[in-house]
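The basis for the numbers below is simple: all heavy atoms, side chains too, and nothing from hydrogens, waters or symmetry mates. Residue numbers start from 1 in every chain, and the chains themselves are labelled A, B, ... in the order their sequence lines are given, proteins ahead of strands.
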Protein chains: 2
Amino acid sequence: MSDMFRIDSQRKSAVDTVVDKVKSLLIEKQLKPGDLIPPEPVLAEQLGVSRGSIREAMKILSSFGIVEIRRGDGTYISNAGNQKIFDPLLFNILVSGADFRELIEVRAMMEKEVVRLIISNASDEELAGLDQCMDEFDLAEKQIPHNREVADKIDLKYHRLMGDITHNRIITSMYNFVIDLFAPTINSDLGYKEHKKMHLAIMARDIPGAVTAVEDHNNAWKKNKDESLHPETPS
Amino acid sequence: MSDMFRIDSQRKSAVDTVVDKVKSLLIEKQLKPGDLIPPEPVLAEQLGVSRGSIREAMKILSSFGIVEIRRGDGTYISNAGNQKIFDPLLFNILVSGADFRELIEVRAMMEKEVVRLIISNASDEELAGLDQCMDEFDLAEKQIPHNREVADKIDLKYHRLMGDITHNRIITSMYNFVIDLFAPTINSDLGYKEHKKMHLAIMARDIPGAVTAVEDHNNAWKKNKDESLHPETPS
DNA sequence: ATACATCAAACGTCTGATGTTTATGTTTTT
DNA sequence: AAAAACATAAACATCAGACGTTTGATGTAT
């Protein structure tokens, strides 16, 4: 994962080397979460680098949630670090003035595949669960007075449910990640119509219909986001 | 340097403190991508920590794509922005044990979207670059004696090129990650036919055709993998 | 104006030492 | 015997100083 395109530019840095070595270690040796990694001085000697380089590499791995460093104890393969990475990522989006077009394209990609997988793989029972959640959504939308916060929460719940029944854990966690990423900016009211359309297509196990609905849903959202983000704030 | 009276021993590590400080710097000072960050020794003195701690913090920030460290030059606010936000996630998935079917599905999802984006967004010049790479691939395939290692390398290069011309940096980053994941098990010979089909569809800007070719490509690969993993030994 | 040589600044790495925290085994107390 | 207190070693956290390597800029000769 080091530099994306490194023609022949330069030697790999010691730190990157260590990162790669540890990655290989995890994969090849089939190390499980909770397993202990050799202490810094040992690793330093084994890999022929200084302890400082080992530490920099470990800091990277720990910031990625790959390892967990326990002071006074040792460094372990992390067992549940996904939550840890979240904060820096959101910050990153804030600072870099996130490119929403790119993010939305990622979300669209994920969501299209999610509905395909759902329709192909989900059991009737799982679809029934979705249907029930949609009922709640309908109810919340029609509620008077309308409480958008509640509706947003159900919207989120529905999407999580979608991710859960893809029968692909990787895509589940990737999709959940995307959902969480967009959660703060969600507006269930705007997408309700397309959401409903998508749901009906899913229930009918109509892949093309569902995919189209997802595209509409994301496009509508994208357009709204553009407008709300470009009111040209002075100062 | 012995703090005699330290009631509440440092709750936060020096490195974490630095990370937070730099993050605040970015926000408060409204630093834009490309802006220069003070050199390590200066930061070290300003924040009252050693240069090593500064370096560890910078490594973390750079691993999230927040800053870009250029040796011999300086450290800058990265304009790469959020393109790497999925790397930690994929990283985690990788080490937490993923099964092959799921990985293939992820790759297929990525690749289908990549070809869609290419056909929609890539310029004629960028497609020409792909075409040239394909020529190399053709040549390598027909070479006698056949050198699979070379062919594999060109295959990989082609896929990287695909990622680069999607005009979506997040997807570029994700796709590269997936490519790297599969790189060790690549076999360009097996997929050559489907690869060629995909290429022709891309050059013709035929989205359905390209998507179909990608599906075939991944299915063929999946089947081959199944066979090589299940040598009819029901153990 | 271009090409090359030089130099200072900045990151990369190393060595070695000291501080702090944690886990663990041992001793003492109850 | 069980529980609490203590002692110790191992491991991470941090610091300090030094030297190496790369890069960008500057100046000079062509």
Side-chain angles (χ1 to χ4, degrees), chain A residues 2-3 6-22 25 31 34-79 81 84, chain B residues 1-22 25 31 34-80:
Chain A
S2 27
D3 279 357
R6 186 196 301 273
I7 309 285
D8 252 24
S9 55
Q10 62 198 32
R11 305 188 303 270
K12 225 189 294 188
S13 74
V15 173
D16 286 344
T17 302
V18 173
V19 170
D20 286 344
K21 281 277 173 62
V22 173
L25 237 167
L31 292 186
D35 285 352
L36 185 63
I37 288 180
E40 290 168 356
V42 175
L43 269 183
E45 201 196 355
Q46 282 183 359
L47 302 183
V49 299
S50 77
R51 204 186 138 219
S53 299
I54 297 287
R55 280 188 56 75
E56 288 181 13
M58 285 307 176
K59 279 290 181 182
I60 291 177
L61 290 169
S62 104
S63 74
F64 275 50
I66 301 303
V67 303
E68 184 184 344
I69 305 174
R70 294 186 209 155
R71 183 175 185 181
D73 183 3
T75 302
Y76 300 80
I77 309 290
S78 177
N79 45 6
K84 198 175 178 184
Chain B
M1 195 59 97
S2 55
D3 282 25
M4 219 172 263
F5 322 91
R6 181 158 13 193
I7 305 172
D8 181 28
S9 62
Q10 61 262 27
R11 193 144 230 77
K12 225 184 256 179
S13 73
V15 172
D16 288 342
T17 302
V18 173
V19 169
D20 287 344
K21 282 277 173 62
V22 173
L25 239 169
L31 293 186
D35 285 352
L36 186 62
I37 288 180
E40 290 166 358
V42 175
L43 268 182
E45 201 196 355
Q46 282 183 358
L47 302 183
V49 299
S50 75
R51 198 184 146 217
S53 298
I54 297 287
R55 280 189 58 75
E56 287 181 15
M58 285 308 177
K59 279 289 183 184
I60 292 177
L61 290 170
S62 89
S63 75
F64 280 110
I66 294 175
V67 302
E68 183 185 342
I69 304 173
R70 294 185 208 156
R71 182 175 187 182
D73 184 2
T75 301
Y76 299 80
I77 309 292
S78 174
N79 57 350

Measure from OH on Y76(B) to C1' on dC11(C) and round the result to the nearest Å. 11 Å

From the list V42(A), V22(A), L43(A), side-chain contact (heavy atoms from CB on, under 4.5 Å) partner of I54(A) resolves to L43(A)

Mind calculating the distance between NZ (K59(A)) and P (dA11(D)) to the nearest angstrom? 18 Å

So, does the side chain of R51(B) form a donor-acceptor pair with the base of dT13(C) at under 3.5 Å? yes

When S53(A) and R70(A) are each assigned the nearest nucleotide of DNA chain C, the 5'-most assignment goes to S53(A)

Check every strand shown and say whether G52(A) touches a base, only sugar-phosphate, or nothing at a heavy-atom separation below 4.0 Å. nothing

Atom-pair distance (CG on L61(A); C1' on dC12(D)), nearest Å: 16 Å

Proximity to the side chain of R55(B) - top-ranked nucleotide from dG12(C), dC12(D), dT15(C): dG12(C)

Find the distance R71(A):CZ to dT21(C):C1' and express it as a whole number of Å. 5 Å

Using heavy-atom distances to pick each residue's nearest nucleotide on DNA chain C, tell me which of G72(A) and E40(B) is more 5'. E40(B)

For L47(A) and dC14(C), what is the distance between atoms CG and P respectively, to the nearest whole Å? 11 Å

I54(B) has an atom CD1; how far is it from atom P of dA13(D), in whole Å? 16 Å

Starting at CD1 of I69(B) and ending at P of dA9(C), how long is that distance when rounded to a whole Å? 21 Å

Nearest to the side chain of S50(A) - dC15(D), dT22(C), dT13(C)? dT13(C)

Between E45(A) (CD) and dA11(D) (P), how many Å, whole number? 14 Å

Of dT14(D), dA23(C), dC12(D), the nucleotide closest to the side chain of A14(B) is dT14(D)

